[in-house]
Amino acid sequence: MAQISLTFPDGNVRSYPAGTTSAEVAASIAPGLAKKAISATVDGRHFDLQWPLDADAAIRINTMADEAAALELIRHDLAHIMARAVQEIWPEVKVTIGPVIQNGWYYDFDRKEPFTPEDLGAIEKRMKEIINRRDPVTTELWDRERAIRYYEANNEPYKVELVQAIPADQSIRMYWHGHWQDLCRGPHLQNTGQVPADAFKLMSVAGAYWRGDSTKPMLQRIYGLAFKNRDDLKAHLTMIEEAAKRDHRKLGREMELFHLQEEAPGMVFWHPNGWSIWRALEDYMRRRLRGAGYKEIRTPQVVDRILWEKSGHWDNYRENMFIVEVDEEGAKEKRINALKPMNCPCHVQVYNQGLKSYRDLPLRLAEFGSCHRYESSGSMHGLMRVRGFTQDDAHIFCTEDQIEAECAGFIALLSSVYRDLGFETFDIKLSTRPEVRIGTDADWDRTEGALKGAIEHLGLPYQINPGDGAFYGPKLDFKLTDAIGREWQCGTFQVDAQLPDRLGAEYIGEDGAKHRPYMLHRAILGSFERFIGILIENYAGKMPFWLAPRQVVVASIVSDADAYVEEITAALRARGIRAEADTRNEKINYKVREHSVGKVPVLLAIGQKEVAERTVSVRRLGDTRTETLALDDYLAAAVSEATPPDLR
RNA sequence: GCCGGAUUAGCACAGUGGUAGUGCAGCGGUUUUGUAAACCGAAGGUCGGGGGUUCGAAUCCCUCAUCCGGCACCA
């Protein structure tokens with residue numbers, strides 16, 4: 001019999017007959033390992049202990065201590081156990097697919113009636129019973145026809161469809177958890193009892209389209225969370241509660257930042273506090289852009305459809321545009337306009353005014369561009385996805401040779417802005433040429449190369465998303481990580497060889513001939529609405545001093561202090577600090593509580609003592625200690641603290 | 001847009017066919033207070049909109065809108 005060589009993590013190489021299973025390999029090393037083994041990693045792939053090894057490979061035997069492997073198996077086995085529990089309770093339910101996802105798994109079922117919360121309780125109970133049965137997990141390879149016949153006989157049409165989608169020459173991996181069977185790539189644990197019965201929880205039920213396709217039937221999806229022990233599950237549930245506490249929709253109401261209402265779905269009514277954050281952010285961005293050589297412009301909201309036809313948006317995105325018509329008796333002309341869904345075509349119009357020379361390039365045109373898109377009703381979410389939004393948009397018109405330097409300059413600006421706003425880390429993703437595209441391979445080689453060159457020159461790590469670029473050029477996406485580890489895609493940098501062509505942008509080159517410029521679409525925040533939502537959640541409403549809507553509240557302890565309170569408030573305001581006086585007839589305890597709940601970073605408490613000594617008692621949000629400072633010293637400190645990070 | 005849930009006072013919520021409630025906020029008063037909720041009082045509602053069933057609807061049915069959790073979508 002042929003022999004294969006297996007290389008172990010410690011560098012040892014041992015020889016086994018071909019077809020040996022990982023379980024046998026583990027047993028050959030030590031009985032203890034055989035007992036603890038749950039799976040193997042073979043040349044980087046996750047292997048079931050029952051699968052035969054038939055070629056030389058690097059192998060590692062995994063145990064429950066190997067967290068990634070253990071979690072994948074636990075979650076995947078739970079998906080099967082849940083599907084089995086569902087079919088035990090409701091035999092008529094059809095099974096489909098159930099993958100492992102972050103923190104757990106889901107499984108999609110076809111069932112006429114949706115599952116109720118009570119159903120979830122019953123399923124969870126049955127799952128625990130199945131775990132306690134300690135049923136063995138077994139696997140076999142079947143040929144395709146046999147698998148199809150089997151699923152047809154069992155009246156599982158979705159499984160038939162899945163098998164039919166697998167290439168004809170491939171054999172089909174079948175798994176059994178006890179008597180219950182499922183089509184599955186594997187790997188799995190060895191028996192259901194290995195799954196911790198107290199470290200999972202069924203979370204929710206939701207509709208989901210079969211194969212993620214909105215033209216296909218809607219299935220019932222059940223989501224579950226699973227970890228390797230009860231404490232991890234509890235910790236995760238606590239994290240979910242913490243995340244709910246920083247929900248920007250809740251904080252937006254509590255801090256009186258903004259509201260949304262029925263008459264304008266997806267459009268934000270900004271209140272004084274929220275607008276104050278916006279303006280601080282906008283002023284900051286304006287300074288940064290000006291410093292980076294951008295020129296700010298402003299373009300119309302309502303533009304004739306003719307421009308959208310030229311740009312191509314009318315054909316491709318009309319159903320997502322707000323159409324504006326003039327409905328006036330006897331109007332001489334009836335034009336059809338649209339609210340601009342993006343700024344790019346308007347920016348090209350500004351570029352096109354006057355003949356441009358190569359000496360004008362790169363030309364960086366920036367706009368805090370207000371855009372409207374008719375987003376589908378189910379997609380809106382607080383400030384995160386809205387129908388009316390303002391981008392920190394800019395377009396750089398440049399030559400091909402300038403792309404790399406512009407890209408590098410952009411990334412440097414973006415990373416500095418993110419750091420100033422409290423985000424230390426971000427990921428870069430490079431999306432390269434898609435199947436359907438314009439331009440030659442040589443064009444793509446150069447533009448992709450320019451983006452890569454810029455990132456590598458800055459020494460930053462990045463991932464490549466092959467084929468995910470727009471048809472008109474490659475792009476970079478920038479994803480930042482917030483205080484509780486969530487990722488948000490905000491920044492973008494896209495190379496566009498198409499729109500300048502469609503809209504006739506040109507420049508006169510050194511050679512005296514006309515050339516097409518490249519157009520680079522770029523944003524750092526993405527949209528103000530969404531970014532402010534992210535800031536609120538990142539800081540849990542406790543905005544840094546320079547961004548806080550109300551920076552200082554000056555609160556009287558006795559009414560004899562009112563005059564001094566007003567004097568301090570006026571002095572702060574004269575120095576540009578957003579300060580308010582609170583001379584209401586309330587106890588200081590009450591005021592401290594109210595302004596703490598309101599997330600005001602600094603409270604100055606003023607009583608008899610402060611009046612007599614011309615001092616202030618400073619209490620910072622989240623700190624129970626207080627500090628007494630001379631008024632002038634505090635004023636100087638406040639001015640310094642209120643200075644935006646780019647002006648320090 | 002699709003599946004499910006929700007919509008009651010400014011906010012958070014109770015109220016399953018028979019006189020719309022509680023807490024906080026707001027308002028009027030008392031209290032002059034030392035770092036996370038002083039006390040008393042009087043108010044406040046077309047129960048999301050429209051239609052239906054019923055002697056009678058916040059409650060049951062239909063419909064529309066919005067929101068929430070997902071799915072799909074996101075130039």
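All chains are named by letter (A, B, ...) in the order of the sequence lines, taking the proteins before the strands, and each is independently numbered beginning at 1.
- Between A72(B), U32(B), C71(B), one nucleotide has an atom nearer to the side chain of S376(A) than all others, and that is A72(B).
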Checklist entry - Would D477(A) and K475(A) count as a salt bridge (Lys or Arg N to Asp or Glu O under 4.0 Å) if you check the C-alpha gap in whole Å, the side-chain angles of each, and the deciding distance to 0.1 Å? => result CA-CA 7 Å; D477(A) 287 319; K475(A) 67 170 178 178; 3.7 Å; yes

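- C67(B) atom C1' lies 17 Å from atom NZ of K250(A), rounded to whole Å.
- Put simply, the side chain of R385(A) and the base of C73(B) share a donor and an acceptor less than 3.5 Å apart.
- Judged purely by distance below 3.5 Å, without hydrogens or angles, the side chains of Y294(A) and R522(A) pair a donor atom with an acceptor atom.
- With respect to the salt-bridge test (charged N to carboxylate O, under 4.0 angstrom), the residues D582(A) and R550(A) do not qualify.
- Base pairing of C2(B) is made with G70(B), judged by Watson-Crick or G-U wobble geometry with both donor-acceptor distances under 3.5 Å.
- Spacing between G10(B) and C71(B) at atom C1', rounded to whole Å, works out to 35 Å.
- Near-neighbour residues of RNA chain B inside residues 485-502 of chain A, defined by a heavy atom below 4.0 Å, are absent.
- Using a 4.0 Å heavy-atom cutoff across all strands shown, R373(A) reaches at least one base atom of the nucleic acid.
- Distance from the side chain of R593(A) is smallest for A36(B) among the nucleotides U35(B), A36(B), C71(B).
- A distance of about 14 Å separates the C1' atoms of G44(B) and G28(B), rounded to the whole Å.
- Phosphate contact (OP1/OP2 of G69(B), side-chain N/O of R249(A), threshold under 4.0 Å): present.
- Atom CD of E613(A) has more than 12 neighbouring heavy atoms from other residues, nucleotides or ligands inside a 6.0 Å radius.
- Side-chain atoms of S276(A) and N273(A) form no donor-acceptor pair, as typed in the model, at a separation below 3.5 Å.
- The I588(A) side chain lies nearest to U33(B) when the options are U33(B), U32(B), A38(B).
- Base-pair partner of C11(B): G23(B) (Watson-Crick or G-U wobble, both distances under 3.5 Å).
- With hydrogens and angles ignored, no donor-acceptor pair closer than 3.5 Å exists between the side chain of T624(A) and the base of U35(B).
- The side chain of R253(A) sits closest to C11(B) out of C11(B), C71(B), U66(B).
- Comparing U16(B) with C47(B), their C1' atoms are spaced 14 Å from each other, to the whole Å.
- Less than 4.0 Å separates RNA chain B from at least one heavy atom of each of the following residues of residues 607-622 of chain A: G607(A), Q608(A), K609(A), E610(A), S617(A), R619(A).
- Of the P atoms belonging to C3(B) and C24(B), the separation is 43 Å, rounded to the nearest Å.
- Nucleotides C11(B) and C74(B) have their C1' atoms positioned 33 Å apart, rounded to a whole Å.
- Residue S377(A) has a polar side-chain atom (N or O) positioned under 4.0 Å from OP1 or OP2 of G1(B).
- With both pairing distances under 3.5 Å, U33(B) is matched to nothing as a Watson-Crick or G-U wobble pair.
- A donor-acceptor contact under 3.5 Å is not formed by the side chain of Y106(A) with the base of G70(B).
- A 3.5 Å limit on both hydrogen-bonding distances identifies no Watson-Crick or G-U partner for U46(B).
- Summarising the base pairing, U16(B) is matched to no nucleotide, lacking a Watson-Crick or G-U wobble pair whose two defining distances lie under 3.5 Å.
- Note that CD of Q349(A) is 12.0 Å distant from CG of L365(A), once rounded to the nearest 0.5 Å.
- Salt-bridge annotation for K216(A) and E161(A): absent, with no side-chain N of the basic residue lying under 4.0 Å from a carboxylate O of the acidic one.
- Within the cation-pi definition used here (under 6.0 Å to the ring centroid, within 45° of the axis), R253(A) does not qualify as a partner of F258(A).
- Here the side chain of S559(A) is nearest to one of C71(B), A38(B), U32(B), namely U32(B).
- As rounded to the nearest Å, A36(B) and C40(B) have C1' atoms that lie 24 Å from one another.
- In this structure, R614(A) pairs ionically with E567(A), as a charged nitrogen and a carboxylate oxygen lie closer than 4.0 Å.
- Taking atom P on both nucleotides, C13(B) is separated from C27(B) by 24 Å, rounded to a whole Å.
- Among the heavy atoms of the strands lying under 4.0 Å from N589(A) are primed sugar atoms or P, OP1, OP2 only; no base atom is included.
- Contact between the side-chain N/O atoms of Y590(A) and the OP1/OP2 oxygens of A25(B) is found at a separation under 4.0 Å.
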Next on the checklist: Run the salt bridge (Lys or Arg N to Asp or Glu O under 4.0 Å) test on K591(A) and E594(A) for me, step by step, so that the C-alpha distance in whole Å, both residues' side-chain angles and the decisive distance to 0.1 Å come before the verdict.
Outcome noted: CA-CA 5 Å; K591(A) 295 182 184 180; E594(A) 187 173 283; over 6 Å; no

